[in-house]
**Student:** 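Sharing a structure below in structure tokens format, with a few things to ask.
Residue numbers begin at 1 in each chain, while the letters A, B, ... track the order of the sequences.
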2 protein chains.
Amino acid sequence: MGKVGRGPSMHDVAAVAGVSHQTVSRVLNGYVGIRPETRARVVAAIEELGYRRNMAARQLATGRSDVIGVVMPETHHFGPMSTLYAIEAAAKRAGLKPLITTATPEEGTVGDALDFLLGRSVDALVVMAQQPEMLDAVKSVLDRLPVLFVLTGDAHGPRSVAVDQRRGVRLVVEHLVSLGHRRIQHIAGPGDYLEARLRRAALREVLAEHGLEELPILSGDWSADSGYRAGLEVDPSATAVFAANDPMALGAMHALEEGGRSVPGDVSLVGFDDVPESAHARPGLTTVHQDFTEVGLRAVQVLMDRLNGVPESHIEPIEPWLIARESSGPVPLVADA
Amino acid sequence: MGKVGRGPSMHDVAAVAGVSHQTVSRVLNGYVGIRPETRARVVAAIEELGYRRNMAARQLATGRSDVIGVVMPETHHFGPMSTLYAIEAAAKRAGLKPLITTATPEEGTVGDALDFLLGRSVDALVVMAQQPEMLDAVKSVLDRLPVLFVLTGDAHGPRSVAVDQRRGVRLVVEHLVSLGHRRIQHIAGPGDYLEARLRRAALREVLAEHGLEELPILSGDWSADSGYRAGLEVDPSATAVFAANDPMALGAMHALEEGGRSVPGDVSLVGFDDVPESAHARPGLTTVHQDFTEVGLRAVQVLMDRLNGVPESHIEPIEPWLIARESSGPVPLVADA
DNA sequence: CCCGCCAATGTTAACGTCACCATTACGGTT
DNA sequence: AACCGTAATGGTGACGTTAACATTGGCGGG
């Protein structure tokens with residue numbers, strides 16, 4: 001590996017400005033008691049040398065960094081990405097910098113991610129853990145710094161910011177039931193995802209509440225392709241399909257229409273997530289909107305509270321809402337064999 | 001802000017294991033000349049204390065970090081996200097860790113991003129600069145560490161990894177021309193994006209080559225919504241529309257069909273990017289596939305070369321390819337008013 | 001039996017910053 | 001004139017790690 005030359009240090013700046021390094025430090029940290037002329041000399045020297053403060057040294061000296069670590073899943077799905085984006089924006093406004101790294105449920109990768117982040121003295125942690133294995137590995141640092149779970153699909157007491165999945169599923173079922181549907185089939189996400197499990201379990205519950213039969217559960221891997229494949233298997237007696245996310249729903253829509261079943265004429269279709277393209281599918285996809293921006297905002301806010309010593313308290317789940325478009329309609333008159 | 005307690009240090013581990021801190025360091029860095037028994041004691045002590053190496057101190061001492069800084073645009077579009085994902089994966093395999101931060105073309109944000117990254121002693125930099133303003137701000141560090149531009153849309157000599165945009169546009173036009181189209185309208189991306197400009201300019205060129213008339217250029221902001229709006233304005237005489245990315249194409253498809261023009265019966269439609277959903281649109285969207293994985297891979301590889309002192313050399317642009325689906329077809333027989 | 005050498009470990013001094021305390025210089029009090 | 005206070009700046013040690021050199025303790029050869 002090539003050796004990388006170091007940039008100029010405070011001492012270099014101090015030498016050029018003809019002051020002590022400490023004065024440079026004071027200028028950088030916005031101390032008040034500095035003669036304007038001295039400050040100007042220092043600023044000029046900084047400019048001249050292209051000096052940038054060495055954060056490693058600063059962290060070493062102060063023990064804190066104003067950086068929050070973010071553990072992301074190794075995907076580029078809409079949900080995690082939108083949340084990341086929201087966290088980044090909210091953190092920036094709060095004067096914090098996110099330090100992002102990825103991990104998978106595979107043995108060891110979460111540990112690596114934590115090594116990376118804690119080794120860089122992050123002040124707090126946001127963990128997007130969509131798989132339960134990832135939660136376990138984080139336990140060891142819970143008492144070392146504030147940790148917040150996000151997108152686990154479920155509220156985990158005072159440590160988790162989440163959209164109310166149960167509520168979202170209920171909205172879907174009630175919407176479909178109000179349209180007369182009684183045979184609703186589910187295209188679930190991968191079984192190792194907490195969110196997928198949760199939506200699946202919630203669906204089961206709500207169907208039972210309404211006294212509806214459960215059809216065999218199809219499943220995919222969140223991708224449109226997998227939704228397409230699942231869509232080919234949709235039960236002939238099903239009058240509605242609920243896919244666990246929008247891309248799978250769009251894939252299923254493709255498969256259904258290709259198979260000669262019109263949406264929503266023969267089968268109603270509902271997704272989950274409200275990706276921007278869903279509004280422009282034909283027919284427009286009925287779906288559940290999850291406010292990821294709010295998730296990110298809330299997460300940063302809670303973390304700031306923790307950092308400021310506000311005691312842990314209950315975190316309200318975030319309410320999703322239904323967006324009814326054209327892909328869901330009344331149950332076909334002919335049906336019910 | 002709450003004070004964050006420090007974790008255990010090498011000295012603590014050394015005390016527990018009954019050795020010197022240096023021996024702990026040697027164990028951590030995989031030195032060979034350590035008695036197995038001693039090593040075991042150290043490992044046990046590390047385990048017991050939950051010790052994690054302080055990277056700030058390590059960086060301070062070594063001057064290097066095996067971290068590459070990544071400057072991302074503040075968006076979650078498919079292209080940048082896919083590339084980021086690919087870079088992350090490739091870097092991990094190469095033993096490097098990406099340190100990601102975002103910037104916008106706004107005054108100062110690129111500087112902030114560089115402060116953040118350089119302050120953490122990154123060994124190299126990947127800049128996803130989609131807007132020219134972002135390029136300028138980076139110039140000041142070009143001689144301090146290896147810098148690689150990505151997604152600038154164009155090859156910038158030995159410092160840029162990019163998909164050959166000109167080639168992609170040519171593929172689209174030749175595809176359409178071979179189907180008999182002569183009136184091709186463009187839905188461009190935002191004018192401040194290099195990629196948008198480049199595709200637009202390339203289109204102009206290739207149209208001229210074929211002696212084709214230029215229709216008024218519509219434009220959007222990359223989003224499906226903006227594509228929809230642009231789609232409402234498509235020239236009645238146009239027999240083909242080329243959108244600068246897939247989401248805009250999908251939006252336009254919506255608008256066209258809503259306006260009673262069938263795709264591809266009345267108007268052919270071609271996108272750019274090949275997002276996964278495009279395969280499942282109805283009709284399936286003809287588009288240009290950009291291999292972002294290859295971009296990420298190549299980027300990391302070039303950076304490794306630079307770090308190892310391999311001299312700068314020409315970087316081949318990456319070849320895109322056309323994916324012909326159902327949204328493009330022969331020019332309608334009736335037409336040509 | 002002593003010397004030297006190697007293998008295994010310990011000691012000390014950086015790295016660049018901030019926190020803390022010390023030192024000036026200067027004007028105003030007594 | 002001696003004193004004090006304050007505003008501005010300087011000097012010294014952490015912080016936790018690595019690098020370079022120093023120190024042990026055995027063991028084999030002359």
**Student:** Nearest nucleotide by nearest heavy atom, which residue falls closer to the 5' end of DNA chain D, B:Ala57 or B:Tyr31?
**Tutor:**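 It is B:Ala57, whose closest nucleotide lies nearer the 5' terminus.
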**Student:** Distance check: side-chain N/O of B:Thr38 vs OP1/OP2 of C:dT9, anything under 4.0 Å?
**Tutor:**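 Indeed, a polar side-chain atom of B:Thr38 lies that close.
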**Student:** Five pairs per end, C1' atoms only: what is the angle between the end axes of the helix from C:dC1-D:dG30 to C:dT30-D:dA1, to 10 degrees?
**Tutor:**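 Axis-to-axis angle, ends of the helix: 70°.
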**Student:** Between C:dC20, C:dG16, C:dT9, which nucleotide gets closest to the side-chain atoms of B:Ile34?
**Tutor:**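 Closest nucleotide to the B:Ile34 side chain: C:dT9.
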**Student:** Between C:dG10, D:dG10, D:dG11, spot the one nearest the side chain of A:His21, thanks.
**Tutor:**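 Closest nucleotide to the A:His21 side chain: D:dG11.
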**Student:** If every non-hydrogen atom of B:Pro73 is compared with every non-hydrogen atom of B:Thr102, which pair is closest and at what distance?
**Tutor:**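 Shortest heavy-atom separation between B:Pro73 and B:Thr102 comes out as O-CG2, 4.2 Å.
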**Student:** Side chain of B:Gln22, heavy atoms from C-beta onward: which of D:dA19, D:dT9, D:dT18 has the nearest atom to it?
**Tutor:**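 So the side chain of B:Gln22 is nearest to D:dA19.
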**Student:** Tell me whether B:Glu106 at atom CD has more than 12 heavy atoms from other residues, nucleotides or ligands lying less than 6.0 Å away.
**Tutor:**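 No - once you tally the heavy atoms of other residues, nucleotides and ligands closer than 6.0 Å, there are 12 at most.
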**Student:** Which nucleotide in the list D:dT9, D:dG16, C:dG10 gets nearest to the side chain of B:Asn54?
**Tutor:**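 Selected nucleotide (nearest to the side chain): D:dG16.
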**Student:** Counting only N and O atoms by type, is there a donor-acceptor contact under 3.5 Å from the side chain of B:Asp12 to the main-chain atoms of B:Ser9?
**Tutor:**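 Answer holds: yes.
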**Student:** Between P on D:dC15 and CZ on B:Arg52, what's the gap in Å once rounded to a whole number?
**Tutor:**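 Between P of D:dC15 and CZ of B:Arg52: 22 Å.
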**Student:** I want to verify a distance call: between C:dA8, C:dT17, C:dG10, whose nearest atom is closest to the B:Arg35 side chain?
**Tutor:**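 Between C:dA8, C:dT17, C:dG10, the one nearest the side chain of B:Arg35 would be C:dA8.
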**Student:** Looking across every strand, which nucleic acid part, if any, lies under 4.0 Å from B:Tyr51 by heavy atom: base, sugar-phosphate, or nothing?
**Tutor:**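 Result for B:Tyr51 = sugar-phosphate.
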**Student:** With rounding to the nearest 0.5 angstrom, report the OG1 to OH distance, A:Thr75 to B:Tyr85.
**Tutor:**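 Going from the OG1 atom of A:Thr75 to the OH atom of B:Tyr85 covers 7.5 Å.
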**Student:** Give me each pair satisfying salt bridge (charged side-chain N to carboxylate O under 4.0 Å, His left out) with a member in residues 40-49 of chain B, each pair once, sequence neighbours excluded.
**Tutor:**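 Sorted result for residues 40-49 of chain B: B:Glu37-B:Arg41.
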**Student:** Which nucleotide sits closest to the side chain of A:Arg53: C:dG16, C:dC18, D:dT17?
**Tutor:**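 For A:Arg53, the side-chain atoms sit closest to C:dC18.
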**Student:** Of the listed nucleotides (D:dG16, C:dG10, D:dG10), which one gets closest to any side-chain atom of A:Thr23?
**Tutor:**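 For A:Thr23, the side-chain atoms sit closest to D:dG10.
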**Student:** Looking at B:Ser25, I'd like to know whether one of its side-chain N or O atoms comes within less than 4.0 Å of OP1 or OP2 on D:dT18.
**Tutor:**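 Answer is yes, contact under 4.0 Å.
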**Student:** Across the strands shown, which category fits B:Arg26 at heavy-atom distances under 4.0 angstrom: base, sugar-phosphate, nothing?
**Tutor:**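 If one applies the 4.0 Å heavy-atom cut-off, B:Arg26 turns out to touch a base.
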**Student:** Checking contacts here: which listed nucleotide (C:dG10, D:dG16, D:dT17) is nearest the side-chain heavy atoms of B:Met10?
**Tutor:**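 Selected nucleotide (nearest to the side chain): D:dT17.
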